[in-house]
Every structure is written in structure tokens, then in C-alpha cells.
J.: 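Just dropping this structure here.
Order of listing sets the numbers, starting from 1, for every ligand and every atom in it. Basis for what follows: all heavy atoms, side chains included, without hydrogens, waters or symmetry-related copies.
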Amino acid sequence: MSDIPQERRVLTAIPGPKSVELQARRTAAVAAGVGSTLPVFAARAGGGIIEDVDGNRLIDFGSGIAVTSVGASAEAVVRRASAQLADFTHTCFMVTPYEGYVEVCERLAELTPGDHAKKSALFNSGAEAVENAVKIARAYTGRTAVVVFDHGYHGRTNLTMALTAKNMPYKQGFGPFAPEVYRVPVAYGYRWPTGAENAGAEASAQAIDEITKQIGAENVAAIIIEPVLGEGGFIEPAKGFLPAIAGFAKEHGIVFVADEIQSGFCRTGQWFACEDEGIVPDLITTAKGIAGGLPLSAVTGRAEIMDAAHSGGLGGTYGGNPVACAGALGAIETMVELDLNGRARRIEEVMKGRLEEMRAKLPNGGVIGDVRGRGAMIAIELVKPGTKDPDAAATAALAKACHAEGLLVLTCGTYGNVLRFLPPLVIGEDLLNEGLDILERAFSTL
Ligand SMILES: Cc1ncc(COP(=O)(O)O)c(C=O)c1O
């Protein structure tokens, strides 16, 4: 890890003067469509801290959106990627291959659920992995339809915009979208009309009915779901939902794809979130946490499905770049050595304990409607007190109050009313608690 002291330090207003100056240059040079949560420009980052150009040290509850699980400068990632950088930056795996790519695929075969024969293909971004999972599933089944879920998020390319549920900001004005994409209900326990306890059975029955009646199971190539829905609001589908959908897929020869791009690689306290209910997906898409901050993604799955696409049908100039592969091997080494699954489970214990305490202190829970998530993928859903009406304004106000005190938090959710916490799994417990203290104080600013 870089030697940044693991201490919060607020020296200036947030953002500070140097960040403000850079922001002016940015506004002139960078397209407006690329947003930022907090216009604080980073100088270095590591462990649970991001240091900005003004010397402020922010506590990181975002991990660059669930990426730097091992920290943003993990020793093994830096060591392996630097060595690779000095050896060669690129040959293109499709021209002259190299060992790192093969080794990452071997590790993916070991780490992903199921003991069947598996193969992988590597890409750059999460969206690209999801696109390729669809290509592979279509090639294997000879079918075209793809089923996705309410509140799902799968990326910003044309096909993945079609797969993504939320219109604004992801889709507005960017259509037409790819055809043969169908959306069905998900078991969102907190908002399920007949209660969380019925959500698993009822939502899966509804989803299966819609697939059967409106699409025809025999036309469906793939069902794609995030085992914990990320951008949609850290929704854990109610128990029973995922097994029912996976079972239906199996029965009808549909490729079941777990999109673990946000939830994978120790984030939820298991290597992959689908393990929680013993799901063995046919294909699994990974990215984000896989490579300690370097751009890498993968589709991993049953060898016979992965081999359905003809030679030359999959790939891309940079897919499985050697430096990114070296980073991935360093990140995986760190996850094993530091038992980051165990660390994620401890983060859940601390965070949920503190968040439940905060809720208990507010009359009838106040704005905290729900505390949920697993491992270091934890969220609170904010509502108008005494109702379930989403309160996006309170969510934005809380985030702003946290930012001003040097705690980086992110928001998400279909209704923009979820405050999500994704600390690096290597964050110290003192920083974790200090961040939660800041959040607790922020409630009094509402
Ligand atoms: C579940 C899921 N799928 C796909 C993506 C898209 O990944 P990327 O932004 O790397 O294209 C994301 C990104 O947030 C995601 O959370």
C-alpha cells in the first residue's frame, strides 16, 4: 500500500482551492455528460483514504464504485503490474498470447461457483463483459430473447442500456435501444406490496409467468440478474427468488447469467454473492474488484457454453491487457492472503450494528426506512418519516454533509434515495467507525 497515513484530515473547504481550479479546467475541457459525485481531485489513494490535491484526506466509503476492494495502491497489485509494465504493455492476446491472461482464466475457474469444467474470456469493462455474455448465450442456444429485471443495471453501451432499467440518467435521449430485451419483476422485499416475507415466492411466480406468457421460454437465450442489485439500490432479492429463477432457466435450457460485476470478488463476504443461496450460474460476469483498479472484466462459465462462439467471434484489441491481468493476479493474491471475505463480513457486522442503532435513535426510524446489504455492500434507504415515500432530497443532503466532513459516500437507487457504503475491504476499523460517526452527525443537519 502507498504510505498515506490512514487518518482523515480536512484542511480546506471541500472541495479545496486547487480542486476548484482543476474543476474549472475540467468544465472547459471535459464533456458535460461525464459527471462526478464530488469534484475533489485525487492526488493519491490507499487503504481507506483518498488524498486530494489540497492535502485533504477523505475516508473512502466508495472504492471508486466497488473497485478498489484491496485498496487503490495494494502492494501486490502495484508490484505485479509494475513488473509487467516493464516487461511489455501489450501484444494483443489475439495476436501473440501471454501467460497472465491464461492464469487469470485458471483462477476464475477455481474461484467461481461450481466444479464443472469452465472457461473464460477477458474484456475491459463490465458492460463489455455483459454484452459478450449475451453473444455467447445466443450462440449457444440459437435463441434471441434476453430477460432482465426491474431495478437492474448492466452498463451504458447500447445493448447494456437496453438491459438497464432506470431511464435517467442512463438512457434518456440515447435510444433506440437493442431489441429482444424483456424486463420482469424482482423480489424487492422492502417495497413488495404484500410484504418482504412473500416477495421471493410471489415475484418469482410473476416473473416466470411473464416470461412464459409474453416471450415464450423456448425463445429465451439468457436470464441476466445481479445477485445483489447494485445501482438499483443494493436490493438483495428476497430469499427463494434466485433459486426459483435459476431453476426455471435450467428447466427450459436458458443460460442463467449472474452479473457479479459489483457484488463479486469478496464484496459481500463471499467470493461471489450468488453463493449465498447456493446458486451455480451457467455464466458469470465480473469486473470492478477483479483487478485492484485496473480495467479488466471477464465472462466465465460452463466450458460447452463458452466454446459455442466461433473462433474470432469474441475478443477486442485490449481485452485481457497484460498489465490488467497482472493487477488481477495481485488483487486475488491479496484477497486470499488477507482473508478479505472475512474482512467484508466484519465490516457488515460493524456497519449494520451502527446503522441499526442510528435508526433506533430516530423516532419510528425517522428517515431510515431500511438497512440492508451484505458484507461491505451496505445501504440505507431513505424515506419521508412514517411512510415509504422515497426521500431523494434527504439522501442528497446527507451525502453532501458527509462530503463536507471528509467522508466520501455514494448514492444510488431507482428513486435516488439510497445511500450506499462500499468501503475498501482493507479499511481499518477505526476509520470505518469514524466514517459512521460522521454519518451519524449528518442526520442532525437534516
Ligand atoms: C452489476 C453491474 N453490471 C455492469 C456494470 C457496468 O460496468 P462498467 O461500468 O465497467 O461498464 C456495472 C457498473 O456499475 C454494474 O454494477
Side-chain angles (χ1 to χ4, degrees), residues 33-37 62-69 112 121-135 137 146-166 169-171 174 177-178 181 183 186 188 222-237 242 256-268 272-274 279 281 283-300 316 318-321 324 327-328 331 373-379 410-414 416 418 420-422:
V34 186
S36 290
T37 303
S63 298
I65 322 186
V67 171
T68 52
S69 299
T112 51
L122 304 184
F123 306 96
N124 304 290
S125 68
E128 216 186 333
V130 176
E131 291 246 359
N132 278 281
V134 172
K135 283 168 64 173
V146 179
V147 171
V148 287
F149 293 84
D150 288 338
H151 310 289
Y153 180 87
H154 301 285
R156 296 169 187 262
T157 56
N158 187 264
L159 174 55
T160 58
M161 275 193 292
L163 302 176
T164 289
K166 189 173 173 175
Y170 308 123
K171 302 164 78 162
F174 301 141
F177 303 112
V181 173
R183 192 175 317 288
V186 73
Y188 187 168
I223 297 178
I224 309 179
I225 189 160
E226 302 158 79
V228 178
L229 285 76
E231 303 302 301
F234 282 25
I235 303 162
E236 291 173 83
L242 289 173
F256 183 83
V257 185
D259 180 349
E260 295 257 13
I261 285 166
Q262 189 155 163
S263 57
F265 279 101
C266 307
R267 181 49 60 186
T268 66
F272 297 96
C274 61
I279 308 283
L283 298 182
I284 180 163
T285 54
T286 52
K288 290 191 182 278
I290 190 175
L294 291 156
L296 187 74
S297 67
V299 183
T300 301
Y318 294 114
N321 168 272
R374 290 208 298 272
M377 190 172 181
I378 302 289
L410 306 175
T411 61
C412 66
T414 298
V418 177
R420 60 171 154 170
F421 311 115
L422 290 161

J.: With heavy-atom distances below 4.0 Å as the criterion, list the atoms of ligand 1 near D259.
T.: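 Once the distances to D259 are compared, the set is 1 (C), 2 (C), 3 (N), 4 (C).
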J.: Do any non-hydrogen protein atoms sit less than 4.0 Å from atom 9 (O) of ligand 1?
T.: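 Answer no: nothing from the protein, no heavy atom, is under 4.0 Å.
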J.: Do the side chain of T164 and the main chain of H154 share a donor and acceptor less than 3.5 angstrom apart?
T.: yes
J.: Report the part of K288 in contact with ligand 1, treating N, CA, C, O as backbone and CB onward as side chain, heavy atoms under 4.0 Å; options are side chain, backbone, both, neither.
T.: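 K288 to ligand 1: side-chain contact only, backbone stays beyond 4.0 Å.
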J.: What atoms of ligand 1 come within less than 4.0 Å of a heavy atom belonging to E226?
T.: 1 (C)
J.: Is a side-chain N or O of N321 found less than 3.5 angstrom from the main chain of L296, in a donor-acceptor match?
T.: no
J.: Would you say the side-chain atoms of R183 pair up with the backbone N or O of L163, donor to acceptor, closer than 3.5 Å?
T.: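 Judged by distance alone, yes, a pair lies under 3.5 Å.
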J.: Could you walk me through whether F123 and Y318 pass the ring pair (Phe, Tyr, Trp, His ring centres under 6.0 Å) test, one step at a time?
T.: CA-CA 7 Å; F123 306 96; Y318 294 114; over 10 Å; no
J.: How long is the gap from OG1 on T160 to CD on E131, to the nearest 0.5 Å?
T.: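 The distance works out to 5.5 Å.
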J.: Side chains of D259 and Y153: does their closest heavy-atom pair fall under 4.5 Å?
T.: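 Not touching, per the 4.5 Å side-chain cut-off.
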J.: Run the numbers for me: atoms of ligand 1, each under 4.0 Å from some heavy atom of E231, listed by number.
T.: 14 (O)
J.: Nearest 0.5 angstrom please: E236 CD to Y188 OH, how far?
T.: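 Separation between the atoms: 12.0 Å.
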J.: Within the 4.0 Å heavy-atom shell around S125, which atoms of ligand 1 are there?
T.: 10 (O), 11 (O)
J.: Does ligand 1 have an atom under 4.0 Å from some heavy atom of I65?
T.: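 It does not; every heavy atom stays at 4.0 Å or beyond.
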J.: What's the shortest distance from atom 16 (O) of ligand 1 to any protein heavy atom, and which residue and atom give it?
T.: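 Checking every protein heavy atom, the shortest distance to atom 16 (O) of ligand 1 gives Q262 NE2, 2.9 Å.
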J.: Is the shortest side-chain N to carboxylate O distance from E231 to K166 below 4.0 Å?
T.: no
J.: Going by heavy atoms in the side chains, are R420 and T411 under 4.5 Å from each other?
T.: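 Side-chain contact under 4.5 Å: no.
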J.: What part of A287, side chain from CB on, backbone N/CA/C/O, both or neither, has a heavy atom under 4.0 Å from ligand 1?
T.: neither
J.: Return yes or no for this condition: an N or O of E128 is under 3.5 Å from an N or O of ligand 1.
T.: no
J.: Taking both backbone and side-chain atoms of G126, is any N or O found less than 3.5 Å from an N or O belonging to ligand 1?
T.: yes
J.: Under 4.0 Å from a heavy atom of A127: which atoms of ligand 1 are those, numbered in the order shown and with their elements?
T.: 6 (C), 7 (O), 8 (P), 11 (O)
J.: Residue-level breakdown please: for E260 versus ligand 1, do any non-hydrogen atoms fall below 4.0 Å on the side chain, on the backbone, on both, or on neither?
T.: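 None of E260 does.
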